[in-house]
J.: 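Let me begin by handing over the structure; questions about it come next.
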Amino acid sequence: CESEFNRIQKSYLFPTVNDYWTMHQTAILSVLSPDDLHVCGDARSDSPGFSAKYTSYTIMDMKTSLILDQQLLQVTETSSSVAMEKEGLDRSLTFLILDNGMKIHTMATDRHVGVQSLLKEEYPQINHQFDVWHVKKNICKKLHLKGQKKGATELMPWINCIGNHLYWSSQTCGGNAQLLREKWLSCVHHIVDRHQWNG
């Protein structure tokens, strides 16, 4: 019956999965150098929008692609579903930095306002970067809105090219933010000048 199924899960399955994950996580953290980690983090919710009940926040080491930590939250633990991403990141950073002595040099995240605020106020020693996929998504969204305006419809076929050029610029800049900006803007300026768009 359903109650027996749930009892077996709670008594045997969940503790076994948790013990294995803890063993695996301990092994990962023991082989990584605790200094100057470069990580990325993001949240995944059980439903899109602002009505999520559960969210898991995951932090991955960019060099090895190993998962360093994962936190699962329920909306009742925070003020709203939007706040779960910030809380998940805070719990992960507390676990990695305070509990395990890891030192994070750079962290890439999405553009979540709460995440930006947390890293700026509580973890100023971490070099916070936005991941390129989210930057591209934001730029392409703005270009799409611009392309819908009168006199700018010729912009539409160029939007994906501009976004892809951002990827190329980030891959070939050698970590130099100024060079990335120059490479990407040279492409944008060329397209704009060619079609004489304004704004």
Side-chain angles (χ1 to χ4, degrees), residues 1-29 32 34 37-142 144-145 163:
C1 65
E2 184 177 348
S3 60
E4 181 68 6
F5 175 80
N6 292 333
R7 186 189 70 79
I8 292 172
Q9 276 196 317
K10 186 176 180 180
S11 300
Y12 302 106
L13 179 62
F14 294 160
T16 302
V17 171
N18 188 63
D19 288 347
Y20 185 83
W21 161 246
T22 301
M23 179 186 70
H24 182 69
Q25 185 181 37
T26 302
I28 289 172
L29 295 180
L32 287 176
L37 290 173
H38 299 270
V39 301
C40 53
D42 200 8
R44 183 176 180 91
S45 299
D46 62 336
S47 62
F50 303 101
S51 59
K53 184 177 181 182
Y54 297 101
T55 290
S56 63
Y57 198 91
T58 305
I59 292 185
M60 183 182 80
D61 177 52
M62 286 192 275
K63 185 178 180 181
T64 62
S65 297
L66 293 171
I67 302 300
L68 305 185
D69 188 49
Q70 191 170 43
Q71 297 288 332
L72 180 64
L73 296 92
Q74 189 171 354
V75 70
T76 54
E77 299 175 63
T78 61
S79 58
S80 67
S81 59
V82 177
M84 286 195 288
E85 184 162 351
K86 176 183 176 181
E87 178 64 23
L89 172 59
D90 194 24
R91 290 183 187 182
S92 278
L93 291 178
T94 297
F95 172 78
L96 292 172
I97 296 172
L98 298 181
D99 298 345
N100 287 279
M102 310 300 279
K103 293 181 181 177
I104 298 174
H105 179 273
T106 304
M107 180 164 197
T109 69
D110 60 15
R111 298 165 59 89
H112 190 282
V113 175
V115 166
Q116 294 180 55
S117 173
L118 175 70
L119 289 170
K120 183 178 180 180
E121 295 172 9
E122 302 294 330
Y123 302 94
Q125 74 277 13
I126 296 176
N127 177 20
H128 182 210
Q129 302 284 327
F130 296 134
D131 73 81
V132 180
W133 185 86
H134 282 94
V135 173
K136 179 200 171 195
K137 180 181 176 184
N138 183 263
I139 289 171
C140 289
K141 181 179 178 181
K142 290 180 179 178
H144 187 78
L145 291 174

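Keep in mind that this is a model prediction, so the values were computed, not measured.
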J.: With sequence neighbours left out, write down each residue that passes salt bridge (Lys or Arg N to Asp or Glu O under 4.0 Å) with Glu4, or none if nothing qualifies.
T.: Arg7
J.: How long is the gap from OG on Ser80 to NZ on Lys86, to the nearest 0.5 Å?
T.: 10.5 Å
J.: Only counting residues at least two apart or in another chain, list the ones meeting side-chain contact (heavy atoms from CB on, under 4.5 Å) with Val17.
T.: Leu13
J.: Who passes side chain to side chain donor-acceptor pair (under 3.5 Å) against Glu121, sequence neighbours left out?
T.: Ser117
J.: Just distance, no hydrogens or angles: give the donor-acceptor pairs under 3.5 Å from side chains in residues 63-76, sequence neighbours left out.
T.:
residue, atom, partner, partner atom, Å
Thr64, OG1, Asp61, OD2, 2.7
Thr64, OG1, Leu66, N, 3.3
Asp69, OD1, Gln25, NE2, 2.8
Asp69, OD2, Gln71, NE2, 2.9
Asp69, OD2, Ser92, OG, 2.7
Gln70, NE2, Thr58, OG1, 3.0

J.: Looking only at heavy atoms, which two atoms of Ala52 and Ser81 are closest? And how far apart?
T.: O-CB, 3.4 Å
J.: For Ser45, give me all partners under side chain to side chain donor-acceptor pair (under 3.5 Å), at least two apart in sequence or on another chain.
T.: Thr55
J.: Can you name the residues that form a side-chain contact (heavy atoms from CB on, under 4.5 Å) with Thr22, not counting sequence neighbours?
T.: Asn18, Thr26
J.: Show the atom names and distances, to 0.1 Å, of all donor-acceptor pairs under 3.5 Å that link a side chain in residues 100-114 to residues at least two apart or in another chain.
T.:
residue, atom, partner, partner atom, Å
Asn100, ND2, Phe95, O, 2.8
Thr106, OG1, His38, ND1, 3.3
Thr109, OG1, His128, NE2, 2.6
Asp110, OD1, His112, N, 3.2
His112, ND1, Gly114, N, 3.0
His112, ND1, Val115, N, 3.2
His112, NE2, Val82, O, 3.1

J.: Can you confirm whether Met62 sits close enough to Leu37 that some side-chain heavy atom of one is under 4.5 Å from a side-chain heavy atom of the other?
T.: no
J.: Measure the spacing between OH of Tyr57 and CE of Met84 and express it to the nearest 0.5 Å.
T.: 13.5 Å
J.: Output all residues satisfying side chain to side chain donor-acceptor pair (under 3.5 Å) with Asp131, sequence neighbours left out; order by chain, then residue number.
T.: His134
J.: What distance separates Ile8 CD1 from Ser3 OG, expressed to the nearest 0.5 Å?
T.: 9.5 Å
J.: Which residues pass the side chain to side chain donor-acceptor pair (under 3.5 Å) test with Glu122, sequence neighbours left out?
T.: none
J.: Does anything in residues 4-24 form a ring-ring contact (aromatic ring centres under 6.0 Å, His included)? List the pairs, not counting sequence neighbours.
T.: none
J.: My understanding is that only residues two or more places apart in sequence, or in another chain, count here; which of them pass side-chain contact (heavy atoms from CB on, under 4.5 Å) with Ala27?
T.: none
J.: Taking side-chain contact (heavy atoms from CB on, under 4.5 Å) as the criterion, tell me which of Leu98, Asp99, Ile59 meets it with Leu93.
T.: Ile59
J.: Test Ile97 against Tyr123 for side chain to side chain contact (heavy atoms under 4.5 Å, CB included), laying out the working first.
T.: CA-CA 10 Å; Ile97 296 172; Tyr123 302 94; 3.9 Å; yes
J.: Suppose the criterion is salt bridge (Lys or Arg N to Asp or Glu O under 4.0 Å): which pairs have a residue in residues 71-83, not counting sequence neighbours?
T.: Glu77-Arg91
